[in-house]
Amino acid sequence: MAYTACTIHVPDWIDSFVGGGTKTFSSGEDRMRFVLELARKNVEQETGGPFAAAIFNGETGALIAPGVNRVLSLQCCIAHAEVVAIMIAQKALGSYDLGAEGLPSCELVTSTEPCAMCLGAICWSGVRSLVCGAREADARKIGFDEGPKAADWQEQLQSRGIRVQRDVCRPDAAALLKHYVQEGGVIYNARRGA
């Protein structure tokens with residue numbers, strides 16, 4: 001058996017959606033609305049699940065890296081939006097540590113609170129801020145298994161120097177999840193450990 005490299009990439013439509021130049025978003029709400037549009041487009045284009053994330057320069061609001069969920073289209077369970085955005089940002093900034101000296105303070109904006117896997121990736125990524133739309137409960141309500149997470153996960157991130165903001169545009173983010181399932185979207189990790 002020959003082993004081949006596994007490459008995780010964003011769908012082709014992202015470049016035109018983002019536009020050629022650097023996008024800048026003045027507020028956390030604007031950044032979240034951009035991320036929710038990424039998630040909506042990902043579902044419409046059938047390129048992944050109803051989740052998106054992006055890394056921004058925390059001071060200027062400039063987009064560093066967009067990410068969308070690619071689990072279904074790539075047949076890869078780790079291709080969550082947060083992981084994709086982190087990987088792209090690290091490549092773009094030339095560092096495995098997004099908190100390295102000389103880099104901008106990176107903010108991760110995600111359409112839904114991180115699952116257990118993404119929470120771990122956030123801890124090691126170097127981002128300094130996490131902004132969440134829908135809650136974990138909203139994802140669980142439609143059938144997604146978010147994995148085992150400590151009840152005090154926000155405090156644990158904050159103790160590592162990562163600010164956490166929740167419920168930014170939550171009604172819109174939760175509605176996007178509901179719409180996905182109502183339209184027959186695949187709930188691909190619903191076994192809950194079974």
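When a residue number appears, it is its place in the shown sequence, counting from 1.
A side-chain contact (heavy atoms from CB on, under 4.5 Å) with V84 is found for exactly one of L74, V68, V10, I78, namely V10.
Taking all atoms of both residues into account, the shortest heavy-atom contact from G133 to A173 is C-CB, 3.9 Å. The two residues E113 and E146 make their nearest non-hydrogen contact at O-OE1, 3.9 Å. Nearest heavy-atom pair across R170 and A134 is CG-CA, 4.1 Å. Nearest heavy atoms, M32 versus T110: CE-O, 3.4 Å. Contact record, P114 with K149: O-NZ, 2.5 Å, taken as the closest heavy-atom pair. Closest of all the heavy-atom pairs between A116 and P148 is CB-O, 3.4 Å.
Residues passing the side-chain contact (heavy atoms from CB on, under 4.5 Å) test with A62, sequence neighbours excluded: T22, T24, N57, T60.
Residue pairs meeting the ring-ring contact (aromatic ring centres under 6.0 Å, His included) criterion with at least one member in residues 73-93, sequence neighbours excluded, do not occur.
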With a cut-off of 3.5 Å and sequence neighbours excluded, list every side-chain donor-acceptor pair involving residues 86-100.
residue, atom, partner, partner atom, Å
Q90, NE2, Y96, O, 2.7
S95, OG, D97, N, 3.0
S95, OG, D97, O, 3.0
D97, OD1, G99, N, 2.8

Which atom pairs, donor and acceptor, lie under 3.5 Å between side-chain atoms of residues 45-56 and protein residues at least two apart or in another chain?
residue, atom, partner, partner atom, Å
T47, OG1, W13, NE1, 3.1
T47, OG1, N42, O, 3.3
T47, OG1, N42, OD1, 2.5

Mind listing the side-chain donor-acceptor pairs of residues 152-162 below 3.5 Å, one per line with the distance, residues two or more places apart or on another chain?
residue, atom, partner, partner atom, Å
D152, OD1, Q156, NE2, 2.8
S159, OG, Q156, O, 2.7

Side-chain donor-acceptor pairs of residues 34-41 under 3.5 Å, sequence neighbours excluded:
residue, atom, partner, partner atom, Å
E37, OE2, R40, NE, 3.0

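Contact check for R163 versus V131: no side-chain heavy atoms found under the 4.5 Å cut-off. Put simply, the side chain of F144 reaches to within 4.5 Å of the side chain of I142, judged on heavy atoms.
A single hydrophobic cluster is seen to contain both V43 and I187, as judged by linkage of ILVMFWY side chains at heavy-atom distances under 4.5 Å, directly or through other members.
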